[in-house]
> 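Before we start, here is the structure in question, set down as structure tokens.
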Number of protein chains: 2
Amino acid sequence: MPLIKEAHKKFKDYLKTAKHRITPERFEVLEAALNQDGHFGADDLYVSMKSNKSNISRATVYNTLELLEQCGIVARRNFGDNISRFEASINRKNHDHLICTNCGEIKEFTSPRIQKIVDEISLELGFDPTGYSFNIFGRCTDKNCKHKHE
Amino acid sequence: MPLIKEAHKKFKDYLKTAKHRITPERFEVLEAALNQDGHFGADDLYVSMKSNKSNISRATVYNTLELLEQCGIVARRNFGDNISRFEASINRKNHDHLICTNCGEIKEFTSPRIQKIVDEISLELGFDPTGYSFNIFGRCTDKNCKHKHE
DNA sequence: TTCAGTGCAAAAACTTTGCAGGAGG
DNA sequence: CCTCCTGCAAAGTTTTTGCACTGAA
């Protein structure tokens with residue numbers, strides 16, 4: 001099943017289950033979110049949709065991203081600059097991030113040991129984990145690491 | 001050496017080295033920051049200082065927290081609510097956080113394995129790490145976990 | 001003396017909210 | 001038909017910036 005169709009179905013099911021209404025605007029946001037590549041801010045998405053002649057409003061974008069987060073189609077990320085970033089997470093492996101504090105480049109990595117630590121610590125401290133975020137900050141050693149400002 | 005004295009010295013040395021001026025306001029912010037307990041936001045600190053009759057300005061608080069961060073006296077934390085939190089880090093062991101998404105409670109934990117993962121991943125991907133953040137989100141199992149909103 | 005640092009207020013950046021009209025169930 | 005959702009704009013929050021003055025070196 002193509003990704004977009006699957007996401008569509010998942011979102012629709014979620015909306016029904018959670019007694020949210022099914023509106024064209026919500027699916028418009030869903031598709032725009034899946035079209036973004038990599039990480040994007042809520043406002044980025046709004047601007048991008050607006051420049052594609054959409055009639056959407058800011059409030060709807062923010063509201064819908066929250067719904068998409070709740071049903072696991074997008075994930076909210078926080079890279080230390082006080083902006084909520086999102087990324088499509090449907091059908092993607094869990095992964096974490098390396099953030100270059102010089103050029104803004106974000107690399108991804110996976111390590112199964114991290115989930116293991118999450119579970120162990122949570123058990124130990126009496127905590128029911130729903131998620132985690134793990135970001136490494138530093139400088140990438142790419143020779144073209146300059147002021148690339150995403 | 002008492003903590004406050006040591007921090008004082010460290011900050012002074014840093015300011016000299018980095019060619020920043022040594023001003024009473026900066027030390028006022030330093031002391032106020034060390035007096036906060038646990039995690040605090042930049043604006044919290046400003047308000048707290050103001051209510052203690054300080055004549056400080058917002059700009060100075062923000063500016064000084066950045067300097068304190070650069071020299072390792074405070075650490076910036078991000079718990080997913082788009083507010084920069086700080087905490088005194090001088091003479092404290094590295095630690096990470098469990099955040100209860102229901103009551104806002106923040107617990108701390110340490111795990112030496114995390115630093116090991118950071119180093120390995122960085123080496124593997126060609127990255128020079130300067131720090132990391134590791135937050136686990138979930139619900140604490142305390143029976144009094146309600147809407148405690150810090 | 002000189003210029004980085006300060007206080008103040010205004011602007012900026014991101015997000016949330018209030019309201020009236022409109023459409024989904 | 002009853003709400004929930006939408007668009008719009010305004011307000012809210014947190015942080016940054018511009019400017020003229022001050023004080024550290």
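We name chains A, B, ... by the order of the sequence lines, and we start the count at 1 in each one. These numbers were taken from a predicted model, which means no experiment stands behind them. Heavy-atom basis, side chains included; hydrogens, waters and symmetry copies ignored.
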> Would you please say whether a donor-acceptor pair under 3.5 Å links the side chains of A/Asn94 and A/Gln115?
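No, A/Gln115 and A/Asn94 have no side-chain donor paired with an acceptor closer than 3.5 Å.
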> Measure the distance from CG on B/Leu15 to P on C/dG5 and round it to the nearest whole Å.
9 Å
> Whole Å only: how far is the NZ atom of B/Lys12 from the C1' atom of D/dA24?
12 Å
> Tell me the interatomic distance from B/Glu28, atom CD, to C/dT6, atom P, rounded to whole angstroms.
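About 10 Å, once rounded to whole Å.
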> Can you find a pair of side-chain heavy atoms, one from B/Phe134 and one from A/Ile117, that are under 4.5 Å apart?
yes
> Keeping to residues at least two apart or across chains, list the side-chain hydrogen bond (donor to acceptor under 3.5 Å, both in side chains) pairs with something in residues 17-30 of chain A.
A/Glu28-A/Ser54
> Can you sort out which residues in residues 16-27 of chain B have a heavy atom within less than 4.0 Å of DNA chain D? Ascending by number, please.
B/Arg21, B/Ile22, B/Pro24
> For B/Asp128 and A/Thr141, does a side-chain donor sit closer than 3.5 Å to a side-chain acceptor?
no
> Would you mind reporting whether B/Phe11 and B/Val29 have side-chain heavy atoms less than 4.5 Å apart?
no
> Test A/Leu123 against A/Asp119 for side-chain contact (heavy atoms from CB on, under 4.5 Å), laying out the working first.
CA-CA 6 Å; A/Leu123 186 62; A/Asp119 293 338; over 6 Å; no
> Let me test you: for the helix from C/dT1-D/dA25 to C/dG25-D/dC1, what is the angle between the axes at its two ends (five pairs each), rounded to 10 degrees?
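That helix has its two terminal axes inclined by roughly 40°.
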> Taking atom types as modelled, find out whether A/Asp44 and A/Gln36 have a side-chain donor-acceptor pair closer than 3.5 angstrom.
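Their side chains do not contain a donor-acceptor pair, so the 3.5 Å distance test is not met.
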> Please, which pairs that meet ring pair (Phe, Tyr, Trp, His ring centres under 6.0 Å) have at least one residue in residues 41-78 of chain A, sequence neighbours excluded?
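As it turns out, there is no ring pair (Phe, Tyr, Trp, His ring centres under 6.0 Å) pair with a partner in residues 41-78 of chain A once direct neighbours are skipped.
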> Just by protein heavy atoms under 4.0 Å, how would nucleotides 8-20 of chain C read 5' to 3' in B, S and -?
B-----SBBB---
> Between A/Glu31 and A/Asn35, is any side-chain donor less than 3.5 angstrom from a side-chain acceptor?
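No, A/Asn35 and A/Glu31 have no side-chain donor paired with an acceptor closer than 3.5 Å.
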> Go through the structure and list residues passing ring pair (Phe, Tyr, Trp, His ring centres under 6.0 Å) with B/Phe79, not counting sequence neighbours.
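By the ring pair (Phe, Tyr, Trp, His ring centres under 6.0 Å) rule, B/Phe79 matches B/His39, B/His97.
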